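Before any comments, here is the structure.
Model, not experiment: these values are computed from the prediction.
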Amino acid sequence: MPRLSIRIDLGPGHRLGPGKVRLLETIAEHGSISAAGRALGMSYRRAWLLVEAMNRGFDRPVVEAQIGGRAGGGARLSAFGAAVVAQYRAVESAAEAATAPYLSQLGQAGDL
């Protein structure tokens with residue numbers, strides 16, 4: 001069955017898609033950019049660069065550093081970052097629902 005993948009062009013050089021959203025979700029799960037990168041098979045540098053690009057592109061942080069304590073520092077989604085993830089997932093769900101009949105037909109290409 002074909003599946004839909006959504007990439008949203010927010011401005012010149014500023015895009016949001018499934019990979020960045022998954023990175024944000026994984027940062028929220030693990031509380032760390034490096035742990036999220038490892039979980040996704042991505043280098044810390046790549047994960048950090050993606051986070052920095054999103055923070056700059058949105059003009060406010062989607063990920064914030066947490067000051068170290070006994071367990072050390074980390075990272076967490078800002079309230080804005082959580083809202084970005086929620087809005088992206090809402091767009092994705094709406095698009096999947098709207099395109100389901102067409103994707104089904106594409107999956108049965110012989111019947112077109």
Side-chain angles (χ1 to χ4, degrees):
M1 174 84 173
R3 63 183 279 287
L4 188 63
S5 178
I6 302 291
R7 184 187 78 188
I8 302 170
D9 294 323
L10 298 162
H14 181 41
R15 294 174 184 85
L16 185 67
K20 287 179 180 173
V21 170
R22 187 67 194 124
L23 175 60
L24 293 175
E25 291 169 332
T26 308
I27 290 168
E29 290 169 22
H30 292 275
S32 161
I33 294 172
S34 61
R38 280 192 303 275
L40 296 172
M42 179 185 304
S43 73
Y44 169 75
R45 177 171 167 71
R46 176 76 178 140
W48 185 85
L49 288 172
L50 289 170
V51 167
E52 284 299 303
M54 286 186 279
N55 281 346
R56 277 192 315 275
F58 281 112
D59 230 9
R60 59 180 155 164
V62 292
V63 174
E64 299 171 331
Q66 288 184 286
I67 303 301
R70 211 170 8 150
R76 66 179 179 92
L77 291 190
S78 65
F80 175 71
V84 166
V85 170
Q87 290 299 306
Y88 176 87
R89 291 300 184 198
V91 167
E92 187 178 56
S93 292
E96 285 173 352
T99 61
Y102 306 104
L103 292 176
S104 177
Q105 286 297 311
L106 287 171
Q108 303 166 6
D111 295 340
L112 292 177

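Residues that satisfy the side chain to side chain contact (heavy atoms under 4.5 Å, CB included) test with Thr99, not counting sequence neighbours, are Leu4, Leu103. For Ala53, the side chain to side chain contact (heavy atoms under 4.5 Å, CB included) criterion is met by Arg56, not counting sequence neighbours. A search for salt bridge (charged side-chain N to carboxylate O under 4.0 Å, His left out) contacts involving Asp9 returns Arg7, Arg15, not counting sequence neighbours. In terms of the ring-ring contact (aromatic ring centres under 6.0 Å, His included) criterion, Tyr88 has no residue partners (sequence neighbours excluded). Checked against ring-ring contact (aromatic ring centres under 6.0 Å, His included), Phe80 has the following partners two or more places apart in sequence or in another chain: Phe58.
Residues Leu24 and Leu49 fall within the same hydrophobic cluster, defined by Ile, Leu, Val, Met, Phe, Trp and Tyr side chains chained together at heavy-atom separations under 4.5 Å. Transitive grouping of hydrophobic side chains (ILVMFWY, heavy atoms separated by less than 4.5 Å) brings Met42 and Tyr44 into a common cluster.
Within 6.0 Å of CZ on Arg89 lie more than 12 heavy atoms contributed by other residues, nucleotides or ligands. Heavy atoms of other residues, nucleotides or ligands lying less than 6.0 angstrom from CD of Glu96 number more than 12.
Expressed to the nearest 0.5 Å, how far CD of Glu64 lies from CD1 of Ile27 amounts to 12.0 Å. How far CG of Leu50 is from CG of Asn55: 11.0 Å, rounded to the nearest 0.5 Å. Within the model, atoms CD1 of Ile8 and CD of Gln87 stand 9.5 Å from one another, a figure rounded to the nearest 0.5 Å.
At a threshold of 4.0 Å, the pair Arg22-Glu29 counts as salt-bridged, since one of the basic side-chain nitrogens sits closer than that to a carboxylate oxygen.
For residues 20-43, the set of pairs meeting the ring-ring contact (aromatic ring centres under 6.0 Å, His included) definition, not counting sequence neighbours, is empty.
Nearest heavy-atom pair across Ser5 and Pro18 is OG-CG, 3.5 Å.
Contact check for Met54 versus Val84: no side-chain heavy atoms found under the 4.5 Å cut-off.
Proximity of a side-chain donor or acceptor of Ser104 to a complementary backbone N or O of Ala100 within less than 3.5 Å is not detected.
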